[in-house]
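Working notes, structure below.
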Amino acid sequence: MEWKTDPYWRYETFSLDAPADSFDIFAGPVRMWREKAGPERPAPDWRDITLADLEGWWGWSQVYDLADPVEAVFRVRLWGSRLAQVLGYDITGKIIRAADSAPAADARLITRNDLEFARYLLDEGLIGRGSGPLNIEHGIDINYFEIMLPLSADGQAFDKLLYFCWINKDVFPR
């Protein structure tokens, strides 16, 4: 279901049990995420995921830790090296707040909409998908896609988001 569309970005939500194949390029990460959760838990804990589980997505993954019980505030646990190369910044270890972010329509930065969407996914226990253009250097427009998978340390409340990102291979090979 569509959560919001701003002038550049589209935000969609899916139930935790949506078929993995409905996520196209992200079907593999969704399957891995489900396997790590097992049959008794709605989502895995970050500690359940190994570097080997991220193979094929090294450098294209992110993890956000929820850092506030009410607001859209996160500590960036992991910011992939390829993302840093493409976007020109690395925010690993930084605190990011919706209240301090651009409202929307800046395809090169994390926006208020991005962070409010992340918070919504954790509050509601949903999978998210975002997509939109990136204007990196010299006016090159590329398409960016991401899947957001909630994580849970206690098997009940969602406290982290695991992202897998994909961009146009013709511009930046994987």
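The figures that follow rest on heavy atoms only: side chains count, while hydrogens, waters and symmetry mates do not.
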State, with a plain yes or no, whether a side-chain heavy atom of Ile167 is found less than 4.5 Å away from one of Val86.
-> yes

In terms of hydrophobic clusters joined by side-chain contacts under 4.5 Å, are Val63 and Leu51 together?
-> yes

Hey, are the side chains of Ile95 and Arg97 touching, using non-hydrogen atoms and a 4.5 Å cut-off?
-> yes

Enclosure of Arg31 CZ (heavy-atom neighbours >12, cutoff 6.0 Å) | yes

Any side-chain heavy-atom pair from Lys160 and Arg77 closer than 4.5 angstrom?
-> yes

Heavy-atom pair of closest approach, residues Leu54 and Ser61 | CD2-OG, 4.2 Å

Minimal heavy-atom distance between Ala153 and Asp159, with the atoms involved, is CB-OD2, 3.2 Å

Check whether any side-chain N or O of Ser152 sits under 3.5 Å from a backbone N or O of Ala157 as a donor-acceptor pair, and report yes or no.
-> yes

Look at the side-chain heavy atoms of Ile, Leu, Val, Met, Phe, Trp and Tyr, link any pair under 4.5 Å apart, and say whether Trp58 and Trp60 land in one connected group.
-> yes

Closest non-hydrogen atom pair between Leu16 and Arg34, with its separation | O-NH2, 2.7 Å

Examine Leu83 and Ile25 and state if one hydrophobic cluster contains both, with Ile, Leu, Val, Met, Phe, Trp and Tyr joined whenever side-chain heavy atoms are less than 4.5 Å apart.
-> yes

Just wondering, do Trp9 and Asn113 contact through their side chains at under 4.5 Å, heavy atoms?
-> no

Same cluster or not: are Trp46 and Val73 linked, directly or through other Ile, Leu, Val, Met, Phe, Trp or Tyr residues, by side-chain heavy atoms under 4.5 angstrom apart?
-> no

Can any side-chain N or O of Asp123 pair as donor or acceptor with the backbone N or O of Tyr120 at less than 3.5 Å?
-> no

Is Arg41 paired with Asp48 through a side-chain N to carboxylate O contact shorter than 4.0 Å?
-> yes

Side chain of Arg10, backbone of Arg129: donor and acceptor closer than 3.5 Å?
-> no

Give the ring-plane orientation class for Tyr64 versus Phe74, where under 30° counts as parallel, over 60° as perpendicular and anything between as tilted.
-> tilted

Straight-line distance of Thr13 OG1 to Met148 CE, nearest 0.5 Å | 10.0 Å

Say whether, by atom type as modelled, one donor and one acceptor occur between the side chain of Asp53 and the main chain of Thr50 under 3.5 angstrom.
-> yes

Would you tell me whether Asp90 and Thr92 have side-chain atoms, one donor and one acceptor, within less than 3.5 Å of each other?
-> yes

Dump the intermediate steps for side chain to side chain contact (heavy atoms under 4.5 Å, CB included) on Gln85 and Arg82, then the final yes or no.
-> CA-CA 5 Å; Gln85 178 186 12; Arg82 293 289 290 165; 2.6 Å; yes

Side chain to side chain contact (heavy atoms under 4.5 Å, CB included) test vs Cys165 passes for just one of Tyr144, Trp57, Phe145, namely Tyr144

Identify the two heavy atoms, one from Arg112 and one from Ala99, that lie closest to each other, and give their separation to 0.1 Å.
-> NH2-O, 3.9 Å

Evaluate the side chain to side chain contact (heavy atoms under 4.5 Å, CB included) criterion for residues Val30 and Phe164: first the C-alpha distance (whole Å), next the side-chain angles of each, then the deciding distance (0.1 Å), finally the verdict.
-> CA-CA 10 Å; Val30 171; Phe164 291 93; over 6 Å; no

Tyr89 and Trp79 aromatic centres sub-6.0 Å = yes

Enter the distance from Arg119:CZ to Asp68:CG here, rounded to the nearest 0.5 Å.
-> 6.5 Å

Please examine the side chains of Phe158 and Leu151, heavy atoms only from C-beta on, and report whether any two atoms are closer than 4.5 Å.
-> no

Do Trp3 and Phe117 have ring centroids that are under 6.0 Å from one another?
-> yes

Student check: side-chain heavy atoms of Asn143 and Ser131 closer than 4.5 Å | no

Show your working on side chain to side chain contact (heavy atoms under 4.5 Å, CB included) between Ile49 and Met32 and close with a plain yes or no.
-> CA-CA 9 Å; Ile49 311 243; Met32 176 278 298; 3.9 Å; yes

Sub-3.5 Å donor-acceptor pair from the side chain of Ser22 to the main-chain atoms of Pro19, do we have one?
-> yes

CG of Leu122 to CG of Leu161, rounded to nearest 0.5 Å, is 4.0 Å

Minimum-distance pair of heavy atoms, taken over all atoms of Ala43 and Pro150 = CB-O, 3.2 Å

Given the rule in the salt bridge (charged side-chain N to carboxylate O under 4.0 Å, His left out) test, do Asp65 and Arg75 qualify, once you have shown the distances and angles that lead to the verdict?
-> CA-CA 5 Å; Asp65 294 353; Arg75 177 177 300 279; 5.9 Å; no

At what distance, to the nearest 0.5 angstrom, does CZ of Phe23 lie from CH2 of Trp33?
-> 8.0 Å

Test log, rule side chain to side chain contact (heavy atoms under 4.5 Å, CB included), inputs Leu126 and Phe14 = CA-CA 6 Å; Leu126 297 167; Phe14 301 85; over 6 Å; no

